[in-house]
**Q** 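I am attaching a structure below and will ask some questions about it afterwards.
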Amino acid sequence: MKAAFYESKGKISVGEGKSIAPGKGEVRLDVAYCGVCGTDVHIFHGVMDQRVSPPQTVGHEASAVVAEVGEGVTNVKVGDKVAVRPLHFGDEHPFDKGFKHVGKNLKFIGIDSSGAFQNSWTVPSYTLHKLPEQLSLMHGAFIEPLAVACHDVKIGRVQKGENCLVIGGGPIGTLIGYVLKEKGANVFISEVNETRLKMLNELGFTTINPAKEKLNDRISELTNEKMIDCAFEVSGSAPGVQTMTEVVNVRGRIVMVAIHGGEQKKVDLFKFFWSEIELLGARLYEEGDYDEAIRIADSGFIPFEQLITKVDDLDNIQNVFDEIDKNPEGMKYLIKCNDN
């Protein structure tokens, strides 16, 4: 059994893994495809060594085929195509108020424990969502990041006809854009990378490059001065934090999607008071967000093929991560983990 192992900063090896027979309530999967997430890139850069335990297999944006089921498993059977919701909830805590997906004892499978960049992966059965037969396993690898986007839009309480701005047109920002479109919102994406702007324009999005034009003026023009009902900060940048409070209207909502670690960004709190703005945090996903993601994916609304930058074999995973470092404007890289 072959697996990839994060060894140390900038180094991933491929070697012999261990196929683990499923215990009670567990399922062993033949992993089909696993997308490379921004979190995986952070791990590759060595900034998450406090959570991972090298040599460790990472990866979590996975589609797979059920290979073996453990005792008591009834929600899937051998041969089913599935997507994985890689959350291990742990014990309930009163602090959580029942929201296990952001609970105090949450462990993320693929970061805090072994992940999907391997041929065979054993996970709890409750993490699995069956994929429609007509949805390809390649496209099934988009379900996890698409569920993130569904959760973000749900948190933003977006309604049909509202004006929405996505700040940052990377993989998650683009998927948020598609979910917003599917909900009937008017979508604008702010992005500074010319390669991504070209792709987003070709995909039919209305884009704004704030490095070349004044964002507020352009938003005002596009919305007949109504401005933005709900903004999504996905860039993780100081300019993005500044932008989010400038573009939203009275009682507008801001959904914080990006992880703003390290140095704190300056936030204009006066604008929250002046226009009764809401700031909403959004992290990960709930079970229903996966159901919604699968529904949207199965509808054919999102042209996944156009979002795939590259598909490569597990043996070449080091080269893929090296290429991502050299090609930051790429959209979605997939690792093929088995011949399915």
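The figures that follow rest on heavy atoms only: side chains count, while hydrogens, waters and symmetry mates do not.
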**Q** Go through the side-chain N and O atoms of Tyr285 and Asp152 and say whether any donor and acceptor fall under 3.5 Å apart.
**A**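 No, Asp152 and Tyr285 have no side-chain donor paired with an acceptor closer than 3.5 Å.
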**Q** Grouping I, L, V, M, F, W and Y whenever their side-chain heavy atoms are under 4.5 Å apart, do Val234 and Leu215 come out in a common cluster?
**A**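 Shared cluster, no.
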**Q** Have Glu194 and Asn209 got a donor and an acceptor in their side chains that come within less than 3.5 Å?
**A**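 On atom types as modelled, these side chains qualify, holding a pair under 3.5 Å.
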**Q** Taking atom NE2 as the centre, does His101 end up with more than 12 heavy-atom neighbours from other residues, nucleotides or ligands that are less than 6.0 angstrom away?
**A**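 Yes - once you tally the heavy atoms of other residues, nucleotides and ligands closer than 6.0 Å, there are more than 12.
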**Q** Consider only side-chain heavy atoms of I, L, V, M, F, W and Y, link residues closer than 4.5 Å, and tell whether Val69 and Val31 are in one cluster.
**A**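 Shared cluster, yes.
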**Q** Answer yes or no for Lys104 and Phe95: cation-pi contact, defined as NZ/CZ to six-membered ring centre under 6.0 Å and angle to ring axis within 45°.
**A**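 So Lys104 does make the cation-pi contact.
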**Q** Does Glu221 pair with Arg218 as a salt bridge, N-O distance under 4.0 Å?
**A**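 Counted as a salt bridge, because a side-chain N and a carboxylate O are separated by less than 4.0 Å.
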**Q** Look at atom CD of Glu133 and say whether more than 12 heavy atoms of other residues, nucleotides or ligands are closer to it than 6.0 Å.
**A**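 Open: at most 12 neighbouring heavy atoms sit under 6.0 Å from CD of Glu133.
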**Q** Is the number of heavy atoms from other residues, nucleotides or ligands within 6.0 Å of CZ (Phe301) greater than 12?
**A**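 Check passes, neighbour count above 12.
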**Q** Are Leu280 and Val248 connected in the hydrophobic side-chain network, where two residues link if heavy atoms are under 4.5 Å apart?
**A**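 As far as the 4.5 Å side-chain criterion goes, Val248 and Leu280 are not connected within one cluster.
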**Q** Would you say the side chains of Ser275 and Arg251 form a donor-acceptor pair under 3.5 Å?
**A**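 No - no donor-acceptor pair under 3.5 Å links their side chains.
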**Q** Is there a path of hydrophobic side-chain contacts, each under 4.5 Å between heavy atoms of I, L, V, M, F, W or Y residues, that connects Ile143 with Leu284?
**A**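 Yes; tracing contacts between hydrophobic side chains, which count when under 4.5 Å, links both residues.
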**Q** List, one per line, each side-chain donor-acceptor pair under 3.5 Å for residues 35-48, sequence neighbours excluded.
**A**
unit_1: Asp40; atom_1: OD2; unit_2: Cys37; atom_2: N; d: 2.9
unit_1: His45; atom_1: NE2; unit_2: Asp325; atom_2: OD1; d: 2.7
unit_1: His45; atom_1: NE2; unit_2: Asp325; atom_2: OD2; d: 3.3

**Q** Can Arg295 and Asp298 be said to form a salt bridge (Lys or Arg N to Asp or Glu O under 4.0 Å), step by step?
**A** CA-CA 5 Å; Arg295 181 190 67 77; Asp298 190 42; over 6 Å; no
**Q** Assess the residue pair Tyr126 and Phe89 against the criterion (ring-ring contact (aromatic ring centres under 6.0 Å, His included)); give the C-alpha distance rounded to whole Å, side-chain angles, the decisive distance to 0.1 Å, and a yes or no.
**A** CA-CA 11 Å; Tyr126 70 79; Phe89 299 121; 5.6 Å; yes
**Q** Can a donor-acceptor pair be found between the side chains of Asp268 and Thr245 at a distance below 3.5 Å?
**A**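 There is no such pair (donor and acceptor under 3.5 Å, judged by atom type) between the side chains of Asp268 and Thr245.
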**Q** Should Met199 and Phe188 be counted in the same cluster of Ile, Leu, Val, Met, Phe, Trp and Tyr side chains packed under 4.5 Å apart?
**A**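 No: no chain of side-chain contacts under 4.5 Å links Met199 to Phe188.
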**Q** Could you tell me the separation between the CZ atom of Arg157 and the CD atom of Glu162, rounded to the nearest 0.5 Å?
**A**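 If we round to the nearest 0.5 Å, Arg157:CZ and Glu162:CD are 9.0 Å apart.
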**Q** If you count heavy atoms of other groups shown closer than 6.0 angstrom to CG of Asp217, is the number above 12?
**A**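 Yes - once you tally the heavy atoms of other residues, nucleotides and ligands closer than 6.0 Å, there are more than 12.
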**Q** Hey, is Lys310 close enough to Glu323 for a salt bridge, meaning N to O under 4.0 Å?
**A**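 Looking at Lys310 and Glu323, the cut-off is met.
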**Q** Are any of the side-chain heavy atoms of Glu61 and Tyr33 separated by less than 4.5 Å?
**A**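 Side chain of Glu61 against side chain of Tyr33, heavy atoms only: no contact under 4.5 Å found.
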**Q** Quick check: are there more than 12 heavy atoms from other residues, nucleotides or ligands sitting under 6.0 Å from NZ of Lys154?
**A**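 Counting neighbours around NZ of Lys154, more than 12 heavy atoms of other residues, nucleotides or ligands fall under 6.0 Å, so yes.
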**Q** Salt-bridged, Lys336 to Asp313, with N to O below 4.0 Å?
**A**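 No.
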**Q** Is there a ring-ring contact (aromatic ring centres under 6.0 Å, His included) between Phe5 and Phe117? Walk through the geometry before answering.
**A** CA-CA 8 Å; Phe5 300 94; Phe117 289 134; over 10 Å; no
